[in-house]
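Nothing fancy with the numbering, it's 1 onward along the sequence.
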Amino acid sequence: MFSCNTSTSGQSTFLLTGFPGLEASHHWVSIPINLICVVSILGNSIILFLICTDTALHEPMYIFLSMLAASDLGLCASTLPTMVRLFWLEARELPFDLCAAQMFFIHAFTYVESGVLLAMAFDRFIAIRDPLHYATILTRSATAKVGTVILVRAILLNLPGPILLQHLLFPQISVLSHCYCLHCDLVSLACSDTQINSLVGLVSILFSLCLDSSLIMLSYALILRTVLGIASPGEQLKALNTRVSHLCIVLIFYLPKLGLSVLHRVEKHSYTSLAVLMANLHFLVPPFMNPIVYSIKSRQICHSLLKHLQKRIDAF
């Protein structure tokens, strides 16, 4: 720990932390992490390309999926640079401004992804509850408005964080708990009063991740109620099967985030390795798994991919 006697405002240097106890093996540890990031970028880029170029995929569900892929790419771009610097170049230092900017983009893209998952949940509810009016309810204009609201909300909820951090005093050198900058981690390192910062962070989480997860649970309860009202067991199974991919993505996204939030608010110093693992699971696994799950479960995505591959083969 570094002393607060030499604390400064906005001039601190933060030291990134990799995997405690594995510092000598960081090069080897980073190999699977880099592979996951490469696959994440490649997979989400393919999903985004297919949806943008195939008119058959210009439907609300796939437009939301393209938003999810874009937010995953943004999350990879926000975390990968510092991870590469730390694991391969052994460069731990990060100036305050760069750390605050990374914090903003990481949390903003996380909130965008959470909002998109909520939009996708209610998209599927409308598709089951009122299929005849689905096209008139979720028009392209309505989908664009939902996407805009999700993006604006993410920006507004995260904008106060970096601004308020400018007024906190930090030690000249502060050691972070992860290989990227997170709001709760930065606030815990401050030498001055952080009540306002903690309150803003709590409100931000309540109006994003907590609200979204609650509404997603509500949407699934409504979907289950609607499906159980279907007479045929075969139709019930078919309707539920179309929700499996989205439910998997929701669990992959929210469970590590919930665990990480609990650890940071309890006593993360007693569970350092677990907190690092939870953070990496939360920021690395969803971008990696999203394109895989949707490619396997979505016939339209698979068909579009095969069609593009066939065109490439025929071109040769």
Side-chain angles (χ1 to χ4, degrees), residues 1-17 20 75 78-79 82 92-115 150-215 253-276 278-279 282-283:
M1 294 296 292
F2 291 90
S3 174
C4 284
N5 294 332
T6 57
S7 58
T8 59
S9 177
Q11 301 297 324
S12 300
T13 297
F14 294 95
L15 298 181
L16 302 170
T17 299
L75 198 56
S78 301
T79 57
T82 54
R92 297 182 61 193
E93 299 83 5
L94 206 63
F96 175 84
D97 291 338
L98 191 57
C99 193
Q102 185 188 47
M103 180 202 77
F104 171 80
F105 284 110
I106 286 177
H107 289 297
F109 283 119
T110 300
Y111 289 6
V112 168
E113 184 158 352
S114 177
I150 291 171
L151 180 60
V152 170
R153 185 193 68 163
I155 294 173
L156 292 179
L157 286 177
N158 283 286
L159 201 56
I163 296 174
L164 291 173
L165 283 176
Q166 295 277 353
H167 302 288
L168 294 181
L169 296 176
F170 292 93
Q172 192 67 39
I173 299 177
S174 302
V175 181
L176 297 170
S177 302
H178 307 288
C179 45
Y180 25 69
C181 301
L182 303 178
H183 182 264
C184 52
D185 199 14
L186 288 172
V187 171
S188 68
L189 294 172
C191 300
S192 49
D193 183 42
T194 60
Q195 287 187 353
I196 296 178
N197 300 76
S198 298
L199 180 61
V200 168
L202 179 61
V203 170
S204 177
I205 290 177
L206 288 175
F207 279 94
S208 56
L209 302 179
C210 293
L211 178 63
D212 292 350
S213 58
S214 300
L215 291 176
F253 177 79
Y254 282 105
L255 289 182
K257 178 63 178 177
L258 177 62
L260 181 62
S261 298
V262 170
L263 285 176
H264 270 284
R265 281 162 178 77
V266 182
E267 186 60 48
K268 72 174 187 296
H269 299 293
S270 302
Y271 310 96
T272 307
S273 299
L274 185 58
V276 171
M278 284 291 186
H282 175 59
F283 293 117

If I take atom [atom1] from residue [X] and atom [atom2] from residue [Y], how far apart are they, to the nearest 0.5 angstrom?
X	Y	atom1	atom2	value
F170	L165	CZ	CG	5.0 Å
L157	F207	CG	CZ	8.5 Å
H183	N197	NE2	CG	5.5 Å
L16	S177	CG	OG	11.0 Å
T194	L169	OG1	CG	11.5 Å
C181	F96	SG	CZ	9.5 Å

(request) Evaluate whether atom CD1 of I196 has more than 12 neighbouring non-hydrogen atoms of other residues, nucleotides or ligands under 6.0 angstrom away. (result) no
Has [X] got a side-chain atom pairing as donor or acceptor with [Y]'s backbone, closer than 3.5 angstrom?
X	Y	result
S204	N158	no
S198	Q195	no
Q102	S78	yes
T110	I106	yes
S174	F14	no

(request) Please report the shortest heavy-atom distance between L189 and P171, naming the atom on each side. (result) O-CD, 3.5 Å
(request) Compare every heavy atom of L182 with every heavy atom of M103, then report the nearest pair and how far apart it is. (result) CG-C, 3.9 Å
Pairwise side-chain contact, [X] with [Y], heavy-atom cut-off 4.5 Å (strictly under):
X	Y	answer
R153	D212	yes
L164	L168	no
F253	L209	yes
C99	L176	yes

(request) Using the six-membered ring wherever Trp is involved, compare the ring planes of Y111 and H107 and label them parallel, tilted or perpendicular (cut-offs 30° and 60°). (result) tilted
